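Everything below concerns the one structure shown next.
Just so it is clear, the model here is predicted, and its values are computed rather than measured. In what follows, every heavy atom counts, from backbone to side chain, and hydrogens, waters and symmetry copies are set aside. In the text below, chain A, chain B and the rest are named by the order of the sequence lines, each starting its count at 1.
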Amino acid sequence: MIKQAEKEYSPERLEKKVQDFWKLSRAYEKTRDLREKGKKYYFVDGPPYTTGSIHMGTAYNKILKDVIVRYRRMQGLNVRDQPGFDMHGLPIEVNVEKKLSIVNKKQIEDLVGVESFVNSCRDFSLDLQGQMTDQFRSLGVWLDWDNPYRTIDNRYIESVWWTLQKAHEKKILDRYTSVLSWCPRCETAIADVEIRYTDFEDYSILVKFLLKGRSGESLLVWASMPWTLPANMAVAVNPEYEYAKVEMTIEDRKEILWLRRDKVDDVTSLVAIQDFQIMEIVKGSDMVGWEYFHPLASRVPYQNELSGEWIHKVLSSELVEDENTGVVHLAPGHSREGYEIGEAHGIPLFCPVDEGGYFTDEAGQYAGKHVRESNSIVVEDLRRERWLFHEGRITRKIGHCWRCDSPVIHRASQQWFLKVSDIKERMLDEIEDVKWIPEWAGTQKQKERVEKATDWCISRQRYWGTPLPIWICECGETTIIGSIKGLSKGKNYNKDMDLHRPWIDSVTFECKECGKEMRRTSDVLDVGFDSGVSMWAQLGYPAVKKQFNNWWPCRWITESQEQTDGWFYSLLFAGIIGFGEIPYKSVLMHGWVFDSEGQPLSKSMGDVSYPFDVIGEYGVDSLRFCMLKSKPPWDDLKFDPEAVKEANQTLDILWNVHRFGTLYMSMDRFNPNDWSLAGMSGNFSPEDNWLLSKVENLKGEVENDLEEYNIHTACNAIEEFILNDLSRWYVKLIRNRSWPEGDNNKKFAAYKALHEALLAVTRLLAPITPHISESMYQSLDADLLSVHMSDWPVTDEALIDKKLEERMTVVRGIVELVSKARQKIGLKLRWPVKNIVIKSNDDETAKSLENLKDILMEQTNSKEVDILWPGEEWDGMVLNVRPKVEAIGRVYKQWWSKIATMLESRPVEEVRKAIGEGEYKIGIEGQIVRIEPDMVEFMERLPEHVISIGFDKGDMYIDMEMTPELRAEGFAREIVRRVQQMRKEIDLDVEDFIRTQVKVRVELTKVLEEYDDYISGETRSRSFEFVPEELTEEYIVEWNVEGEAIGLAITPLYMKETLDAFIKIPGIDEKESMALFDSGYASMLSLQQASLSELMEVEGIDELDARKIRRYFDQPEELRAEEKALCPVCEAQVEMGASECSRCGVSLLPEMKKCPNCEAEIPLDSEECENCGSVLIEEEVEEISEEVKEIMEIPGLGLETARMLHELGYDIDALANTSEEELVKIEGITVPLARRISVYFEEWVEELVCPLCNAPASADAAQCTQCGTIFVSEEEVETMEEEPVPEAAEVPEVIDVPSFDEDTAVAMSLEKSHIYLVKEERQQRAMDMFTATMREGRPGLCVTRTFPDKFRESYNLGDTTVLWLSNIGKEDSIRPKDLEKLSLSLEKFVTETGGVVLLDGLEYLVTNNNFIIVLRLLQALRDVVAMNKSTMIVNVNPATLDTNQLNLLEREVDSVVDTLS
RNA sequence: GGGCCCAUAGCUUAGCAUGGUUGGAGCGCCCGGCUGAUAACCGGGAGGUCGAGAGUUCAAAUCUCUUUGGGCCCA
């Protein structure tokens, strides 16, 4: 059964509903299981770091994965989709440190203890994992969230260990001393990826290094970071540069300095130099070997103890750059370049700095000082010793620890490395075996990364990480443990022990070599390596082999471009170690997401941009569609919330088409499964075949795109189809066919085609926008539980008709041209044109037009379309005769002008015929005048009313002559359109019927009468009449159409509900129902009471029908009830009383709980166990407030939910007034629960309800808790009538003003801070009061449902502001339902001006809302009016309200003016 | 400093692999229309030295080189 889609596309509601549906029906699990037998497809999720909240980039990443995973599943593949989380490492540690207020490692060990610290880290990371999982789920991402792999699990760690053991076996694992980036705060080596470069002001000093054996000459050495000078071991010059010996005079002293020749000017300008002179020039290479005195040697004794070939000497290095003096200080212990140069020259590594960044004893006088504070000390020392030539500052990028933001230093330390040199070639080869998308991601980027790779330092001196499985003996023996089994052989091993520090540190082994105790190296592993093993770690390899054999290797991964250096690389590296091969077959490298300003989204913790604010507004699907369609995945994406809005609009349109389709399909009870495409083919119109052809094309196109990961073009193709083909063309073409009265065969053909197209779109969109697709799929009555279980749609070539598509394109082009022409001359589409003639230049175009002529006529609204084939000419051209004046003049002299005039007035054809035969004779003043052929010429021209338009394939003539018949038809259409507008304004159901009256000029009535069938059919009018005098139907509007005054009046019949009920009687369909209704049976009750003979008297009901009706009512009521109910989760029809839904498997039984006493299953809401009789509500009972108890009265609502609702501010009354949709929005309220609640109230309300405001009331209440109405029993009514108003004190004075002319108006000026209620049929009295008050000079404001201009004119209001109560969304109009806007507008006026307000048409507000709400509005306004010394006049037609309501109204006002009494 | 990617209307972008009518869209702006999908929808208009410069070619948004700006990565 096709289900009517909701009227509006509300993403928030829809997505929640769909996600609930997925959850309750276990749609994800079932989809996965469905493909269990399919070909295996191993996808691996690159584990995001657990930062706790996701940003746009993370969202984009997961969305891409979700698209491909869903797509592959639809292709039938059995996809492994375990998500992962990267949960070790410094970021977590740093955050835990912050939480515990710890500042360094010492405090972790001494204050907190490693055990407690690591436990905190685990808890913290698990918490973050949970948060992120929720966020990913809310994006609609279907991965196996219940079973993620985590880098912190023992099994995972074991796989890492195995890999490291492999590395050891392959001699890739090594330990040596190296200079690395080091964070002195975190006291660990850090990787380059953990460093963030930011501007930093640093020293830039020039220091004199006195040369040995060159009297008085010094090298002028440049250094930043003065603290590195104590560890200076040599200086470097560039061998290619020229260096100058410069003699400078400074403060009357002479200095002889060596520096780069080109820099002499720069340097001499730095200090106050009196004079300088270049003495000598040498090449850098000539300086090599020169020896100098270390300027701090006296403070750093170690400098004097050194010996070696290159100590304190000049070296040559190409690395010396064209900056500063060209003489660079080298401290191999403090810089990577220095280390490399030093190593090449055999210079010992001197690094007198400890892990915390403090100088060691080796640093002599500087020992104990932090390097950062030493900068100024060193500079001062140099200055004192006169070695400082210049002290400056430069701003440059300095590395900062990404996690804690401390400046990074370089420091020599012993670390564990994975050596890259031996496997580099293998890695490069393996890159070739992978399909990279885009190709350059592999062949360019990844290759470059590997080519430049250096050894990988994998050790970290921290706590929260995979412990390195390396045990070392003091004798030097080293062993690598590769499994838990291996570990279990150690001392202090416990089964099931956590493999993290500190527990692992207590496990020791006996050294095989010397028998001593081997202890684990205290380091942990670089987190970058953790995720590198995810491809086999998530399969439990090597501990479990089966999974591995099933799935290996990974078919596809996708991550952002930065993973070239990260995960892509670590996977490759680890893969080569573990298996000698790259572990993935194809890679989609995706781009970055930037914010709308183009700034990259920050990666660090706590500084993220949420995608969820956009989602709240436009929904997840819009976000997904927007991201996926705007760029190829490998490009960077600039995220713009506006673009999400646009995507939302497309989905909105799709929804509208869907809504359109399902609305009519369900109305007509169209069952798509009753019709096959082939079976329907005879009924298809050309546009149906066209649509089907388009759909098949689209399928192929989208598949091709997705195969190439051109997700953006796939999205664009779908979007184009939805907007252009489906919405803007197809729906337009089938509109007429889909009307309720339409021919069923033709109509159903359109439904079938549309259904087919919509179903295809839901499938094509399923991977991209999973929610809306699901929702559409559900209402399209498709066979599977979920759209995501369906197979990927395959193109049916047989349905493709390229020729038809081309022809349709031609026709569309023509229709558009005609529309343009109409627009140009201002002829609306509603007004038909007489004729369109299209002359085409080629056969194909003519054929196209001939073929699709019906479409052409309908869409251009033309009465006739003529197609001319190539060579044919249009005969509609008007021939003109043009007298040749000179020729006539030559013969007939002064008569020429008369002759010419006569010629022009004769029928052209007659003239031409005669001329063709030789001559044409006319009589002038009794003489025959002969017109010779040379005296005239004939010319063709367009007749009047005809315009001609050229197009690329021919010419077109449009005859726009407006004949009386066409004019009448135009008016008929105008009337139809106006009535439709009015139907809409009174919110009438599409299917419902009305009575219609039309009042027009008599002349027009005559021509229009011909169209009464048309008009009443189109407007679903059960009666239709032209009235000469007054319009009497309920809703009356005066229109001005093309200068004609047209009065329209309609009365809604509200038949739909009744007809729907009648139709449920077996054998009774719409026709019979209508007949019954028309003869006065307006409800099931009245029908039930009718006798057989009475029924038979009804016109259109035969005996058989009557008997069917009687039989229906004569059976017991239970049997009459519908046999089917709807599943609350998937809305499938289920048998009454079924225990679970056969479609989605959800339990339909009331929620059960276990009796704590006997463990029997009892309904969730029962207070007493049916089995053992124990009372279940214990001490808590006292604590439950009355309000909560009331809520718990609702069956199925447990204590917890009731409490939750109560805390949210709901009491029983509020719940009764909360719609099901709103209920679902409350967190914790599921769809079925919401349904249960609203069903409860529906039943409840029928029993006890305030007659006035419909609020629920208890049986014994004396007064309504909501509106205060006093309930009276029948006996009391009589007394009531004598004393109609309960509280006399509040009764306003009733002013008796029988007549009200201008004089009295002035005399009776209205009081300030006063509200007047005027009881009258029209607004006359109220208006008089209002205008009189305005004449006193007070500003006025009117609220009315009359059209403002008309209203102003009627009452001579000038430019007084008139707010129009109307559903037409104009600027100064207020929708009658939008009381908030109304109240705001009035408040604004009153507070700003204190003027007088007329509220006309209170009853209109009441019909559009309900009485009590309007009453509340009035109460609120009363206070505002009082406070601002304003005045308000409210008029109401008492006939529209009942006595009680009137009483209540009168109580709210200060005075009542009753014109009727 | 090196590698790679990106640049088209005010904004977001298609087209570029394979050069060829007048460079397409959407949003926004202005003007109009439609109306039983309707707080939707449709049409028209204005708005582009296709980042800049050079080259190849009969012909360049498209191919080549140089250059500028932005991004990612590596030093």
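Salt-bridge formation is not detected for the pair A:Arg336/A:Glu340: no Lys NZ or Arg NE/NH1/NH2 atom is positioned less than 4.0 Å from an Asp or Glu carboxylate oxygen. Ion pairing of A:Arg978 with A:Glu974 is present here, as a side-chain N (NZ or NE/NH1/NH2) and a carboxylate O approach within less than 4.0 Å. Using a 4.0 Å cut-off between charged nitrogen and carboxylate oxygen, A:Asp636 and A:Lys631 do not count as a salt-bridge pair. A salt bridge is absent between A:Glu6 and A:Arg659: the closest approach of a Lys/Arg side-chain nitrogen to an acidic carboxylate oxygen does not fall below 4.0 angstrom. A salt bridge between A:Glu451 and A:Lys424 is absent, with no side-chain N of the basic residue lying under 4.0 Å from a carboxylate O of the acidic one.
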Per-nucleotide protein contact string for nucleotides 26-33 of chain B, where B marks a base within reach and S marks sugar-phosphate only (heavy atoms under 4.0 Å, - for neither): SS----SS
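Atom pair A:Arg659:CZ and B:rA37:C1' shows a separation of 8 Å (rounding to whole Å applied).
B:rA14 and B:rU66 are spaced 28 Å apart, taking the C1' atom of each and rounding to whole Å. Between the C1' atoms of B:rU13 and B:rG28, the separation comes to 14 Å (whole Å). Rounded to whole Å, the P atom of B:rG47 lies 14 Å from the corresponding atom of B:rG24. For B:rC65 and B:rC6, the P atoms lie 14 Å apart once the distance is rounded to whole Å. Taking atom C1' in both B:rG51 and B:rG43, one finds a spacing of 34 Å when rounded to whole Å. Comparing B:rC50 with B:rA9, their C1' atoms are spaced 10 Å from each other, to the whole Å. For B:rU57 and B:rA52, the P atoms lie 23 Å apart once the distance is rounded to whole Å. Rounded to whole Å, the separation between the P atoms of B:rU64 and B:rG20 comes to 15 Å.
Side-chain atoms of A:Phe660 lie closest to B:rA37 of the nucleotides B:rU13, B:rC73, B:rA37. For A:Trp440, the side-chain atoms get nearest to B:rC5 when compared with the rest of B:rC72, B:rC41, B:rC5. With B:rG2, B:rA37, B:rC72 as the choices, the nucleotide that has an atom nearest any side-chain atom of A:Lys452 turns out to be B:rG2.
Nearer the 5' end of RNA chain B, as judged by each residue's closest nucleotide, is the contact made by A:Ser727, out of A:Ser727 and A:Leu723. Judged by closest nucleotide on RNA chain B, A:Asp635 is the one of A:Asp635 and A:Gln561 placed further toward the 5' end.
Here B:rG55 sits opposite B:rC63 as a Watson-Crick or G-U wobble pair (both hydrogen-bonding atom distances under 3.5 Å). Across all strands shown, the partner of B:rC27 is B:rG10, judged by Watson-Crick or G-U wobble contacts whose two distances both fall under 3.5 Å. Across every strand in view, B:rG1 sits in a pair with B:rC74 that passes the Watson-Crick or G-U test at under 3.5 angstrom.
For A:Arg735, a side-chain nitrogen or oxygen approaches OP1 or OP2 of B:rA37 to under 4.0 Å.
Taking 3.5 Å as the limit, the base of B:rA75 and the side chain of A:Arg336 contain no donor-acceptor pair of atoms between them.
The two residues A:Leu180 and A:Cys457 have their closest heavy-atom pair at CD1-SG, 3.6 Å.
Residue A:Lys3 qualifies as enclosed at atom NZ: its count of foreign heavy atoms under 6.0 Å is above 12.
Classification of B:rA17 as syn follows from a glycosidic angle within 90° of 0.
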